[in-house]
Amino acid sequence: SEYPVKIATTESKAAKAQHLAASFQVTPKLLYCGLDQLDFALVRLELDKLGLTNVACEGGPTVLGLLVGAGVIDEVCLSVAPLLAPSHHGGFLGPNGKFSPGALRLESIIEDEGTLLSRYRLI
């Protein structure tokens, strides 16, 4: 690929993204997808145009909620670590459940030193 690294950002963060891009050893492709907030549906469309149809996105409940809201995910990978701790983010998709429950089918699960790594497909 002409640009092996892709960075999705917003128009309002263009200067910051260009500064970050200058620190890479290879020139990244900057994808401007939204004015002030990242539009994940537009990110998906831009990546599709580049032939990138298998994309992994890492993030917490806020990012997951935005991805679900944009309708751009078909799998969810979930790690469960052996730690009992309170949650302040309001659950798996963040606070104020904006989405109807969706069915998931377990695709795979592995265990490593008590941590469960699971992969689910949306059905």
Side-chain angles (χ1 to χ4, degrees):
S1 170
E2 181 182 354
Y3 299 97
V5 175
K6 284 72 172 169
I7 299 174
T9 190
T10 62
E11 296 289 340
S12 65
K13 300 288 185 192
K16 188 173 184 178
Q18 291 166 3
H19 179 73
L20 173 67
S23 70
F24 281 67
Q25 290 182 353
V26 296
T27 302
K29 171 103 174 142
L30 297 175
L31 307 172
Y32 296 101
C33 302
L35 296 175
D36 293 317
Q37 212 172 11
L38 202 57
D39 179 338
F40 283 101
L42 186 54
V43 172
R44 178 74 257 159
L45 180 67
E46 291 298 318
L47 292 174
D48 283 345
K49 287 180 188 177
L50 295 170
L52 300 171
T53 57
N54 187 4
V55 178
C57 183
E58 183 101 15
T62 302
V63 171
L64 181 60
L66 292 169
L67 292 168
V68 169
V72 296
I73 64 169
D74 57 9
E75 286 187 355
V76 175
C77 296
L78 178 64
S79 300
V80 179
L83 177 66
L84 191 58
S87 169
H88 301 289
H89 60 70
F92 195 60
L93 289 175
N96 307 320
K98 298 176 185 176
F99 310 104
S100 300
L104 300 172
R105 180 181 71 234
L106 182 64
E107 293 288 313
S108 63
I109 188 166
I110 59 174
E111 182 272 339
D112 182 36
E113 296 184 14
T115 298
L116 297 176
L117 307 166
S118 55
R119 186 172 58 95
Y120 295 89
R121 180 162 300 280
L122 278 70
I123 53 175

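What's counted below: heavy atoms across the whole structure, side chains too, no hydrogens, waters or symmetry copies. One-based numbering along the sequence shown.
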Any non-hydrogen side-chain atom of Leu116 less than 4.5 Å from a side-chain atom of Ser79? no
Here the gap from Thr53 atom OG1 to Asp48 atom CG, rounded to the nearest 0.5 Å, amounts to 7.0 Å
Got a sec, which residues hit side chain to side chain contact (heavy atoms under 4.5 Å, CB included) with Leu122, two or more places apart in sequence or on another chain? Ile73, Val76, Leu104
Nearest 0.5 Å, what's the CD-CZ distance between Glu75 and Arg105? 9.5 Å
Distance check, rounded to the nearest 0.5 Å: Leu64 atom CG versus Glu58 atom CD? 11.5 Å
Under a 4.5 Å cut-off applied to non-hydrogen side-chain atoms, are Lys49 and Leu45 in contact? yes
Minimal heavy-atom distance between Ala81 and Thr115, with the atoms involved, is CA-OG1, 4.0 Å
About how many Å separate CG of Leu50 and CG of Leu52, when rounded to the nearest 0.5 Å? 5.5 Å
Could you pull out all donor-acceptor pairs under 3.5 Å where a side-chain atom in residues 25-41 meets a protein atom, sequence neighbours excluded?
residue : atom : partner : partner atom : Å
Tyr32   : OH   : Gln18   : NE2          : 3.3
Asp36   : OD1  : Ser12   : OG           : 3.3
Asp39   : OD1  : Ala41   : N            : 3.1
Asp39   : OD1  : Leu42   : N            : 3.1

Does the side chain of Ser118 reach to within under 4.5 Å of the side chain of Leu106, using non-hydrogen atoms? yes
Minimum-distance pair of heavy atoms, taken over all atoms of Cys77 and Arg119: SG-CG, 3.8 Å
